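These notes concern the structure reproduced below.
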Protein chains: 2
Amino acid sequence: MPRAGLTPALVAEEAARLSDEEGFDSLSLAAVAKRLGVATPSLYKHVDGLTGLRGEVALLGTNGIGEAVQRAAVGRSGTDALHAAADAYRRYAHTHPGRYVALQQLPRWVGPAPELSTDPVEALAAVLRGFGIAEEQMVHAIRALRSALHGFVDLETRGGFGLPEDVDESYALLVEGFARTLEHWPGSGRRR
Amino acid sequence: MPRAGLTPALVAEEAARLSDEEGFDSLSLAAVAKRLGVATPSLYKHVDGLTGLRGEVALLGTNGIGEAVQRAAVGRSGTDALHAAADAYRRYAHTHPGRYVALQQLPRWVGPAPELSTDPVEALAAVLRGFGIAEEQMVHAIRALRSALHGFVDLETRGGFGLPEDVDESYALLVEGFARTLEHWPGSGRRR
DNA sequence: CCCAAAAGCTAATGCCATTAGCAAACTGCG
DNA sequence: CGCAGTTTGCTAATGGCATTAGCTTTTGGG
């Protein structure tokens, strides 16, 4: 019997693919094992049970969306950067729906403070820095931005918006409105 | 053997209580049956399997938050109504976390267009009407409001906000900022 | 070439959802 | 009051999944 040649990374990536294709709550050790042509218990040599597997997917998602947002924002600033980052955020959630659901639960499956190559919160924060918001207001502003983006994407992917039309426009307006809010944020200066 | 005297409503309410106490994904037919002092298969006489049970919880949550928001907004208008509605929304999510998670998935477990006593989306929409937003912009404005509120509450309850302090203030600022956004919404008039 | 560590496997356990079929309890009607 | 039909709840059985234990085989370094 030849070996399958699995590694923790290979297993995690297959799990992430499965999550994106079938939905994060279809993720099971059994399903991943089947896709890898391996018996279920074999996976325990590479990941720490179902919880560990979910955590790996969450980690892939967190790093993935962080990089996407960062890449989109680089070389831009102000409203321009905000729109680019927001679009990248939403696009990532669309192309990797399973990872996106998983990453929301990161703290639940992985301990606090896991090693992230690119923290998406940090990437969004960088975008806001260009708006000249008072330092003690940054926490609030970042939370507001994350809330708006995540809320929209989450409602959208769950089919929470009854009418299918104009969703792109709704998002653009949301980001637009948020940009204006930022410019008038309490204690903030103005730029562009 | 005396009968337990269950009804669909009793089962649904116990399921909702369990969801709020233990988390929505701890909801299982077995757990509900145990709390009701009944064997698991007995529940099938009252609800349509696990999916049906989840749907009932989602329905309770949807009606519950809808009523809470509506009750909060009645007799108020403009920014005042918005703050009251937003606070009621968040308070409901805090006091009924299981139901809140469940209601996000309503379309998934119940068919489209279930009979709601009070549609929370409608309740929020009523609040926005006071802002004099152009009719064709209402869809976008409602989506933006729902996104902001849901996003914040969702991130918060998942422990997405690392720093525990100032969360109330963050929310107040979010709503505040949104109110200003509404007043400048494309094509909107102004009121208060 | 050999041997220890690693990778996979089968077997077994336990929890859960779901279905089938049975028995007791309630209902309304004569 | 009695009885038939319906309803409710039960036990038994099946199948899927996660997890653990213990075995076998491969593999790579000395």
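Chain letters run A, B, ... following the sequence lines, proteins first and then strands; every chain starts at 1. Note that this is a predicted model, so its numbers are computed, not measured.
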Does a salt bridge link A:Glu122 with A:Arg129, judged by any charged N lying under 4.0 Å from a carboxylate O?
yes

Original post:
Is B:Glu183 salt-bridged to B:Arg180, going by a charged N under 4.0 Å from an acidic O?
Top reply: no

- Are A:Leu53 and A:Leu18 grouped together when hydrophobic residues (ILVMFWY) are joined by side-chain heavy atoms under 4.5 angstrom apart? yes

query = So if you build clusters from Ile, Leu, Val, Met, Phe, Trp, Tyr with side-chain heavy-atom gaps below 4.5 Å, do A:Leu60 and A:Leu6 land together?
reply = no

The correct set of residues in residues 35-47 of chain A placing a heavy atom under 4.0 Å from DNA chain C is A:Val38, A:Ala39, A:Pro41, A:Ser42, A:Lys45, A:His46

Ordered by number, residues from residues 9-30 of chain B within less than 4.0 Å of DNA chain D (heavy atoms) are none

Determine whether the aromatic ring centres of residues B:Phe152 and B:Phe161 are separated by less than 6.0 angstrom.
yes

The side-chain hydrogen bond (donor to acceptor under 3.5 Å, both in side chains) partners of A:His46 (sequence neighbours excluded) come to none

A:Ala68 and A:Ala88 have their tightest heavy-atom pair at O-CB, 3.6 Å

